[in-house]
Amino acid sequence: MKKAIALVLALVCVLGLAGCSAQKEYTIRIVVPAGNQGEFVYSEEEIAPRKSQLDIKSIDMSEDAKFVLKPIEDTQENTYECKNFPKGTPILIDVEKGAWYKIGISMENPTDKDIIVVFHVVNVKVRIE
């Protein structure tokens with residue numbers, strides 16, 4: 001009887017810890033191809049905020065780049081654009097909770113190598129298109 005109770009308690013603890021392992025922060029990468037003349041390039045991943053505000057930051061984005069948060073579904077109206085995305089500082093964007101978005105940047109890349117720009121987003125669901 002004591003073994004059965006100990007087994008049940010151990011099982012409850014293991015399941016409780018497994019439920020706590022939900023990832024809260026994601027890294028989204030956008031590849032700006034070599035020779036890009038400033039056209040928008042979008043992430044492969046799509047994000048859906050779990051709240052009505054999106055917490056996002058990037059330390060890789062250049063000062064002359066433009067940022068856009070583009071809705072995926074046609075029923076969504078709001079596209080968020082930012083010309084002065086603060087480098088390394090998180091910003092909060094009012095968004096529709098549960099709606100799917102793609103992160104995009106407009107950035108020139110005159111080099112012959114791709115540039116990877118990394119964004120950190122918090123409290124979102126992520127899927128790959």
Side-chain angles (χ1 to χ4, degrees):
M1 181 70 167
K2 290 182 181 181
K3 288 183 180 179
I5 292 173
L7 180 64
V8 169
L9 288 176
L11 184 61
V12 167
C13 288
V14 168
L15 292 175
L17 290 175
C20 292
S21 67
Q23 189 171 354
K24 297 216 181 231
E25 184 173 329
Y26 289 93
T27 300
I28 307 293
R29 290 176 174 77
I30 299 176
V31 177
V32 181
N36 189 41
Q37 298 298 315
E39 296 89 20
F40 274 101
V41 182
Y42 294 94
S43 61
E44 291 183 9
E45 298 91 348
E46 297 172 352
I47 59 171
R50 295 181 191 270
K51 296 181 180 180
S52 61
Q53 283 192 325
L54 175 65
D55 185 349
I56 185 168
K57 74 175 178 178
S58 175
I59 58 172
D60 300 326
M61 199 163 153
S62 68
E63 294 177 11
D64 60 338
K66 295 177 188 162
F67 168 84
V68 67
L69 191 62
K70 180 177 114 177
I72 300 300
E73 296 149 3
D74 293 337
T75 58
Q76 297 168 253
E77 301 172 8
N78 298 333
T79 298
Y80 179 83
E81 293 185 31
C82 179
K83 293 183 180 177
N84 297 321
F85 195 93
K87 188 174 185 178
T89 305
I91 63 169
L92 293 174
I93 303 170
D94 291 327
V95 292
E96 184 180 334
K97 178 182 174 181
W100 290 96
Y101 297 91
K102 276 193 168 189
I103 299 171
I105 58 171
S106 171
M107 181 174 150
E108 289 187 17
N109 181 6
T111 67
D112 57 352
K113 292 186 180 181
D114 294 346
I115 296 175
I116 298 176
V117 179
V118 178
F119 289 91
H120 297 281
V121 290
V122 179
N123 208 10
V124 296
K125 294 184 272 184
V126 176
R127 69 182 183 192
I128 297 177
E129 70 174 291

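Hydrogens, waters and symmetry mates play no part in the numbers below; they use all other heavy atoms, side chains included. Computed from a predicted structure; not experimentally measured.
Between A34 and D114 the shortest heavy-atom distance is N-OD1, 2.9 Å. Between M107 and N36 the shortest heavy-atom distance is O-ND2, 2.7 Å. Of all heavy-atom pairs between T79 and K70, the closest is CG2-CA, 4.3 Å.
Remark: the backbone N or O of K66 is not paired with any side-chain donor or acceptor of S106 at under 3.5 angstrom. Side chain of Y101 to main chain of V95: no donor-acceptor pair is present (N/O by atom type, distance under 3.5 Å, no hydrogens or angles). In terms of modelled atom types and a separation under 3.5 Å, the side chain of S58 and the main chain of V118 share a donor-acceptor contact. The closest donor-acceptor contact from the side chain of E73 to the backbone of P71 lies at 3.5 Å or more, if one exists at all.
Inter-residue side-chain proximity for K102 and E46 is flagged as met; some heavy-atom pair is nearer than 4.5 Å. Contact annotation: the side chain of I116 never approaches that of D60 to less than 4.5 Å [non-hydrogen atoms, C-beta and beyond]. Two residues are said to be in side-chain contact when any heavy atoms from C-beta on lie closer than 4.5 Å; I47 and L69 meet this criterion. Using a 4.5 Å heavy-atom cutoff, the side chains of I105 and M61 are in contact. Residues Y80 and V68 form no side-chain contact, since every pair of their non-hydrogen atoms from C-beta on lies 4.5 Å or further apart. At least one side-chain heavy atom of I103 sits less than 4.5 Å from a side-chain heavy atom of I56. Side-chain contact check for K125 versus R50: some heavy-atom pair is nearer than 4.5 Å. Put simply, the side chain of I115 does not reach to within 4.5 Å of the side chain of V31, judged on heavy atoms.
One hydrophobic cluster holds both I93 and I30 under the rule that ILVMFWY side chains link at heavy-atom gaps under 4.5 Å. Transitive grouping of hydrophobic side chains (ILVMFWY, heavy atoms separated by less than 4.5 Å) keeps Y26 and V122 in distinct clusters.
Defined by atom type and a distance below 3.5 Å, a donor-acceptor pair is present between the side-chain atoms of N109 and T111.
Shown here is E39, whose CD atom has more than 12 heavy atoms of other residues, nucleotides or ligands within 6.0 Å.
Hydrophobic side-chain contacts under 4.5 Å tie I59 to no other Ile, Leu, Val, Met, Phe, Trp or Tyr residue.
If you run ring pair (Phe, Tyr, Trp, His ring centres under 6.0 Å) between F67 and each of F119, Y42, F40, only F119 comes through.
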